[in-house]
Amino acid sequence: KYGANLVQNGNFDELGSELVTNGDFAISGELTTTSYNLGWLKFSSDTGSSISDGVLNLVHQEGGGFRGRIQLSNGVNSAFTYSGGGETYKLVYEVKENIANSSLFVWSGHNYISIANTVGSHTVYFASTTTGTLLNLILRNGTDDSTIKLDNISVKQVDPNDRWTLGTGWEINDSGLVLTSTQTTNAFQAVGLVQNNFYKITFTVANVTSGGARIRLGTGALSSPFTNGTHTLILEHTTSNDAVRIYANSSGVFDGSVTN
């Protein structure tokens, strides 16, 4: 028989509390620097955005320039800010109307990320900054003299208890743990492995189009790469490092997902 499962958030679905106040836009009003109860604040000198008839009107006023920005409120007395630790967030939103096909962006604390602007419901996972200095969560309508109507906005932190440490290129999304670029880094969780003990590791690899995923206990030997399927390994832990680690193949290639 085996002991209790040592890995926490092994299916990568833990989410933090809702960060958006008034996400259904039931409370109306003009966005100002102090409209905390509306869930959003105007950013810098950008004006014109408001909440009315149950939607958020994200306005980029005529005249060009870098406008059309609003920032998330903490719902009480200030703007929400990222910690600067590189946390991943899940953004869910609905575009109700976008007549001008205006571009839509979210600010990560370091750069603007282009997100879907078509009518319908969308989900975006994005990593916040570890290097930026402007740590506000900002939405931006990037098209001059236009309005995007939005509804049902939700923002939640992914893996809120920081169970996993993600190396460069690794992210968590709806599919599980994924690698977004060719990297030899790893994603790991310290689980208290004891040297010379044997461990049973079960995991699912899915949606693989190239490369594969490898498992490593501590700093011991790497497994062979695995592709689609549910896999089980029995491994002896031969080092003092107590982490379970996931890598791409030896070339740093893994286009797929790991979960469970």
Side-chain angles (χ1 to χ4, degrees), residues 9 12-23 31-47 49 56 58-60 65-95 102-117 122-143 148 150 152-175 177-181 183 185-188:
N9 195 24
F12 304 100
D13 64 352
E14 289 184 8
L15 295 173
S17 58
E18 179 60 63
L19 298 175
V20 177
T21 300
N22 195 33
L31 300 192
T32 68
T33 56
T34 58
S35 55
Y36 307 118
N37 69 315
L38 298 182
W40 297 88
L41 313 170
K42 80 169 190 174
F43 183 79
S44 187
S45 60
D46 299 11
T47 58
S49 293
L56 169 64
L58 182 56
V59 175
H60 189 304
F66 206 82
R67 303 181 183 179
R69 296 165 294 178
I70 61 172
Q71 59 183 321
L72 182 64
S73 156
N74 71 356
V76 181
N77 57 10
S78 68
F80 166 83
T81 54
Y82 302 118
S83 74
E87 295 85 1
T88 297
Y89 290 86
K90 180 180 182 180
L91 167 65
V92 179
Y93 62 100
E94 182 181 1
V95 178
S102 303
S103 54
L104 183 59
F105 302 89
V106 62
W107 174 254
S108 72
H110 177 70
N111 63 299
Y112 277 103
I113 301 167
S114 178
I115 59 178
N117 66 343
H122 306 283
T123 299
V124 175
Y125 288 81
F126 68 94
S128 59
T129 185
T130 58
T131 59
T133 56
L134 177 61
L135 298 179
N136 309 66
L137 194 162
I138 299 169
L139 291 180
R140 179 173 184 252
N141 174 347
T143 302
I148 304 173
L150 300 170
N152 299 316
I153 298 181
S154 169
V155 178
K156 296 180 180 180
Q157 185 180 333
V158 175
D159 192 30
N161 298 303
D162 297 324
R163 312 289 194 195
W164 291 91
T165 299
L166 305 180
T168 301
W170 290 95
E171 293 183 2
I172 296 172
N173 64 24
D174 272 343
S175 298
L177 180 68
V178 299
L179 184 62
T180 60
S181 58
Q183 298 287 345
T185 59
N186 66 96
F188 71 89

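Owing to the predicted nature of the structure, the values given are computational and were not obtained by experimental measurement.
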N173 side chain to S175 main-chain N or O, any donor-acceptor pair under 3.5 Å? yes
d(N9 CG, D159 CG) to nearest 0.5 Å is 5.0 Å
Less than 4.5 Å apart, any side-chain heavy atom of Y89 and any of V155? yes
Backbone of G39 reached by a side-chain donor or acceptor of T21 within 3.5 Å: no
Compare all side-chain heavy atoms of T47 with those of V59 and state whether any distance is below 4.5 angstrom. no
Could you tell me if the side chain of L15 sits less than 4.5 Å from the side chain of K90, heavy atoms only? yes
How many angstroms lie between CG in L41 and OG in S49, if you round to the nearest 0.5 Å? 11.5 Å
Mind checking whether W40 and I153 have side chains closer than 4.5 Å, heavy atoms only? yes
Counting distance only, does the side-chain N/O of N117 pair as donor-acceptor with the main-chain N or O of S102 below 3.5 Å? yes
Could you tell me whether a side-chain N or O of Q157 sits under 3.5 Å from a main-chain N or O of T88, the two making a donor and an acceptor? no
Before giving the answer on side-chain contact (heavy atoms from CB on, under 4.5 Å), spell out for V158 and F12 the whole-Å C-alpha distance, their side-chain angles and the decisive distance to 0.1 Å. CA-CA 8 Å; V158 175; F12 304 100; over 6 Å; no
For the residue pair D174 and T123, establish whether any side-chain heavy-atom pair is separated by less than 4.5 Å. yes
Pairing of R69 and D46 as salt bridge, 4.0 angstrom limit: yes
Determine whether I148 and V95 make a side-chain contact, defined as any pair of heavy atoms from C-beta on separated by less than 4.5 Å. yes
Tightest non-hydrogen contact, residues A127 and S108, listed as O-CB, 3.6 Å
Before you tell me yes or no, could you show the steps for I70 and L58 under side-chain contact (heavy atoms from CB on, under 4.5 Å), namely the whole-Å CA-CA distance, both residues' side-chain angles and the distance that decides it to 0.1 Å? CA-CA 8 Å; I70 61 172; L58 182 56; 3.8 Å; yes
From CA spacing to verdict: side-chain contact (heavy atoms from CB on, under 4.5 Å), K156, S17: CA-CA 6 Å; K156 296 180 180 180; S17 58; over 6 Å; no
Is it the case that the side chain of N152 and the backbone of E94 share a donor-acceptor pair, with hydrogens and angles ignored and the cut-off at 3.5 Å? no
Atom pair CZ (R67) and OG (S45), whose distance is rounded to the nearest 0.5 Å: 7.0 Å
Would you sort out whether L56 and L38 count as a side-chain contact (heavy atoms from CB on, under 4.5 Å), showing the intermediate values? CA-CA 10 Å; L56 169 64; L38 298 182; over 6 Å; no
Is the side chain of N74 donor-acceptor paired with the backbone N or O of A79 at a distance under 3.5 Å, no angle test? no
Judged by atom type as modelled, is there a donor-acceptor pair below 3.5 Å linking the side chain of S128 to the main-chain atoms of E87? yes
What are the two closest heavy atoms between Q183 and G169, and how far apart are they? CG-CA, 4.1 Å
Taking the side chain as every heavy atom from C-beta outward, state whether N141 and L104 have any atom pair closer than 4.5 Å. no
Relative to each other, are the rings of F126 and Y82 parallel, tilted or perpendicular (30° and 60° limits)? perpendicular
Starting at CG of L19, measure out to OG of S154 and round the result to the nearest 0.5 Å. 8.0 Å
Which distance, rounded to the nearest 0.5 Å, do you find between the CD of E171 and the CG of L166? 8.5 Å
Would you say the side chain of L135 lies within less than 4.5 Å of the side chain of T129, judging by non-hydrogen atoms? yes
Would you confirm whether S114, through its side chain, and F105, through its main-chain N or O, come within 3.5 Å as a donor-acceptor pair? no
Go through it in stages, so that I can follow the logic: the residues are F80 and Y36, the test is ring pair (Phe, Tyr, Trp, His ring centres under 6.0 Å), and I'd like the CA-CA distance, side-chain angles, deciding distance and then a yes or no. CA-CA 10 Å; F80 166 83; Y36 307 118; over 10 Å; no
Taking the six-membered ring of F43, is the NZ or CZ of R140 close enough (under 6.0 Å from the centre) and on axis enough (within 45°)? no
Check whether T185 reaches the backbone of T168 with its side chain - one donor and one acceptor, N or O, closer than 3.5 Å. yes
Which class fits the ring pair H122 and Y93: parallel under 30°, tilted 30 to 60°, perpendicular over 60°? tilted
What is the distance from atom CG of N136 to atom CG of L72, rounded to the nearest 0.5 Å? 9.5 Å
Strictly distance-based, threshold 3.5 Å: is any side-chain N or O of W107 a donor or acceptor partner for the main-chain N or O of L134? yes
